[in-house]
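Some notes on the structure that comes next.
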There are 2 protein chains.
Amino acid sequence: MSKSVRRAALIIDSIAEGPKTVVELSLMFDLHRSTMFRELQSLEEVGYVHRRKSGQYTLGLHLISLSKLAFDNLDLREAAHDHIRRLHKVVGNTVHLAALMESSIVYVDKVEDPNGVRMYSRIGKAVLPYCSGVGKAILADLDEGGRNAVLAGSTWEKFTEHTITSRDALDRELEIIKKQRWAADDREFEDFVNCVAVPIHSSMGVVGALSVTAIRMVQNLPQLKTHLPLMQQTAELISRELG
Amino acid sequence: MSKSVRRAALIIDSIAEGPKTVVELSLMFDLHRSTMFRELQSLEEVGYVHRRKSGQYTLGLHLISLSKLAFDNLDLREAAHDHIRRLHKVVGNTVHLAALMESSIVYVDKVEDPNGVRMYSRIGKAVLPYCSGVGKAILADLDEGGRNAVLAGSTWEKFTEHTITSRDALDRELEIIKKQRWAADDREFEDFVNCVAVPIHSSMGVVGALSVTAIRMVQNLPQLKTHLPLMQQTAELISRELG
DNA sequence: CTGGCTGATGCAAATACTGCAACACTGCGA
DNA sequence: TCGCAGTGTTGCAGTATTTGCATCAGCCAG
């Protein structure tokens with residue numbers, strides 16, 4: 001069982017990197033053309049890949065349907081759902097929940113004030129680890145290998161005057177964050193936004209983070225920091241629910 | 001090859017409907033416990049499913065990463081990308097691109113005025129077919145079976161004074177839409193929003209739709225309708241690119 | 001403590017998959 | 001126009017993977 005499924009997964013991953021033809025794939029996997037053809041045919045049948053008229057294979061629609069369900073079933077999201085809504089009721093600000101998945105950090109839930117300013121963030125959106133509160137909160141609790149994986153491919157683009165733009169500077173800040181057990185984003189990504197974030201752990205280590213965000217004109221960092229005790233308590237409750 | 005992969009896909013679909021245990025799945029698929037156990041072990045290895053401490057299996061994180069890539073590689077999205085941006089430049093309004101995938105309609109791209117009012121819609125969000133312009137534009141070009149599939153599970157919730165709340169009324173409107181080759185949403189979902197939409201076809205039939213949306217106070221339906229010739233031309237160009 | 005249920009692994013039988021060969025079709029260059 | 005090279009597609013027989021059984025370990029409830 002293992003072999004077919006494992007290889008099918010590898011083929012899908014390979015197609016995910018860009019469209020591929022039967023011949024390309026058969027060379028990559030050292031399989032006969034006919035075999036690869038049949039494999040792709042099967043994958044197409046179940047909607048995991050899609051064949052273009054040109055003969056190139058791309059990812060299939062079914063994966064998109066699945067991901068929506070995967071989101072809903074996410075352990076972290078489920079465990080945190082009630083807690084972050086309760087937190088939002090008390091603090092009033094926008095609350096974000098981010099998860100560490102594979103080697104990227106993704107927003108998986110958010111609660112925002114329907115009447116407030118709507119910020120540009122989207123559930124499912126990947127977060128830049130080095131210039132976001134949740135990103136830094138998660139990085140701080142990762143070991144060297146984990147940090148490297150998450151930061152691989154970082155552009156270190158300078159979005160504002162305050163953006164951290166080197167690994168060294170980031171590592172220094174992460175040590176502080178790790179000690180104090182919370183992270184801030186003080187205008188590091190957008191000039192008018194600041195937030196504070198705390199990590200969430202399971203028995204496997206850090207799995208995500210939650211943050212409370214505000215427009216700096218409305219609430220500045222010292223004001224946001226008053227929410228930290230409640231945030232840490234919330235994170236603790238979620239962590240406990242995850243085991 | 002075919003059998004393992006096909007079954008693996010069915011198992012994943014089954015898990016997508018809700019967490020399942022090894023025993024449940026082995027009964028559903030009439031497989032030996034040990035076999036199902038190994039199958040799930042393989043799927044877990046490649047990140048397609050995730051095992052909870054409780055022994056239940058849920059969808060894995062890897063599916064979420066894949067879906068993002070699947071979106072980017074979407075034929076319709078690629079083919080339409082430049083065209084809808086050009087359309088946006090001319091008309092100025094928010095332009096939505098929706099795709100018919102399996103039996104749901106999903107926003108796959110949108111271009112909006114960064115300075116304008118930001119509407120609540122999200123790429124990846126499922127669209128309610130019976131009270132949206134793109135939904136009705138797509139439904140109109142589907143046959144009986146297709147319509148049933150897409151509308152299965154509709155709640156027919158009445159969002160505004162103008163929402164269509166029965167299949168009969170919808171079918172009547174769809175006939176008109178089909179003839180005139182465009183659809184409108186005149187305050188059917190939100191009281192202050194209206195839009196016009198046109199379908200996009202490939203050789204396989206209707207595959208999506210694009211719409212131009214406006215706050216009714218800013219542009220009402222007759223004003224939006226002036227964009228229709230350009231929209232239809234855009235849809236035609238996209239259709240041609242799809243083959 | 002014991003009985004039942006689930007998780008996990010080795011092994012031989014059985015089945016599904018592989019590679020080959022062959023053919024059809026396409027597009028390209030001679 | 002023709003032939004050629006590359007690709008898509010299918011049937012078939014050998015082989016290798018997967019399957020089911022038997023078995024054992026661990027856990028919880030009675």
Quick one: is B:T35 getting a side-chain N or O under 4.0 Å of the D:dG20 phosphate, OP1 or OP2?
yes
Check whether any side-chain nitrogen or oxygen of A:R7 sits under 4.0 Å from OP1 or OP2 of D:dT17, and answer yes or no.
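Checking A:R7 against D:dT17: no side-chain N or O falls below 4.0 Å of OP1 or OP2.
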Take the protein atom [atom1] of [X] and the nucleotide atom [atom2] of [N], then report the distance between them rounded to whole Å.
X     : N      : atom1 : atom2 : value
B:K3  : C:dT18 : NZ    : P     : 14 Å
B:F29 : D:dG20 : CZ    : C1'   : 18 Å
B:E44 : C:dG7  : CD    : C1'   : 13 Å
B:L31 : C:dA16 : CG    : C1'   : 14 Å
B:M36 : C:dT9  : CE    : C1'   : 18 Å
B:H32 : C:dG7  : NE2   : P     : 14 Å
A:I11 : C:dT18 : CD1   : C1'   : 13 Å
A:E39 : C:dA16 : CD    : C1'   : 13 Å

Residues A:R52, B:D75: salt bridge by 4.0 Å N-O rule:
yes
Are A:E175 and A:R147 close enough for a salt bridge, meaning some N to O gap below 4.0 Å?
yes
Measure distances between side-chain N and O atoms of A:R33 and base N and O atoms of C:dG19, and say whether any donor-acceptor pair falls under 3.5 Å.
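Not at all, since no donor on one side and acceptor on the other fall under 3.5 Å apart.
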So, does the side chain of B:R38 form a donor-acceptor pair with the base of D:dG20 at under 3.5 Å?
yes
What nucleotide among [options] has an atom nearest to a side-chain atom of [X]?
X     : options               : result
B:F37 : C:dA16, C:dA8, C:dC20 : C:dA8
B:R51 : C:dA8, D:dT7, D:dT17  : C:dA8
A:V23 : D:dG8, C:dG19, D:dC21 : D:dG8

Main chain of B:L230, side chain of B:T234: is a donor-acceptor contact present, judged purely on distance under 3.5 Å?
yes
Criterion side-chain contact (heavy atoms from CB on, under 4.5 Å) against A:V49, the qualifying member of A:I15, A:L63, A:I11
A:I15
Please report the closest heavy-atom contact between A:A183 and A:G133, naming both atoms and the distance.
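Closest approach of A:A183 to A:G133: CB-O, 3.7 Å.
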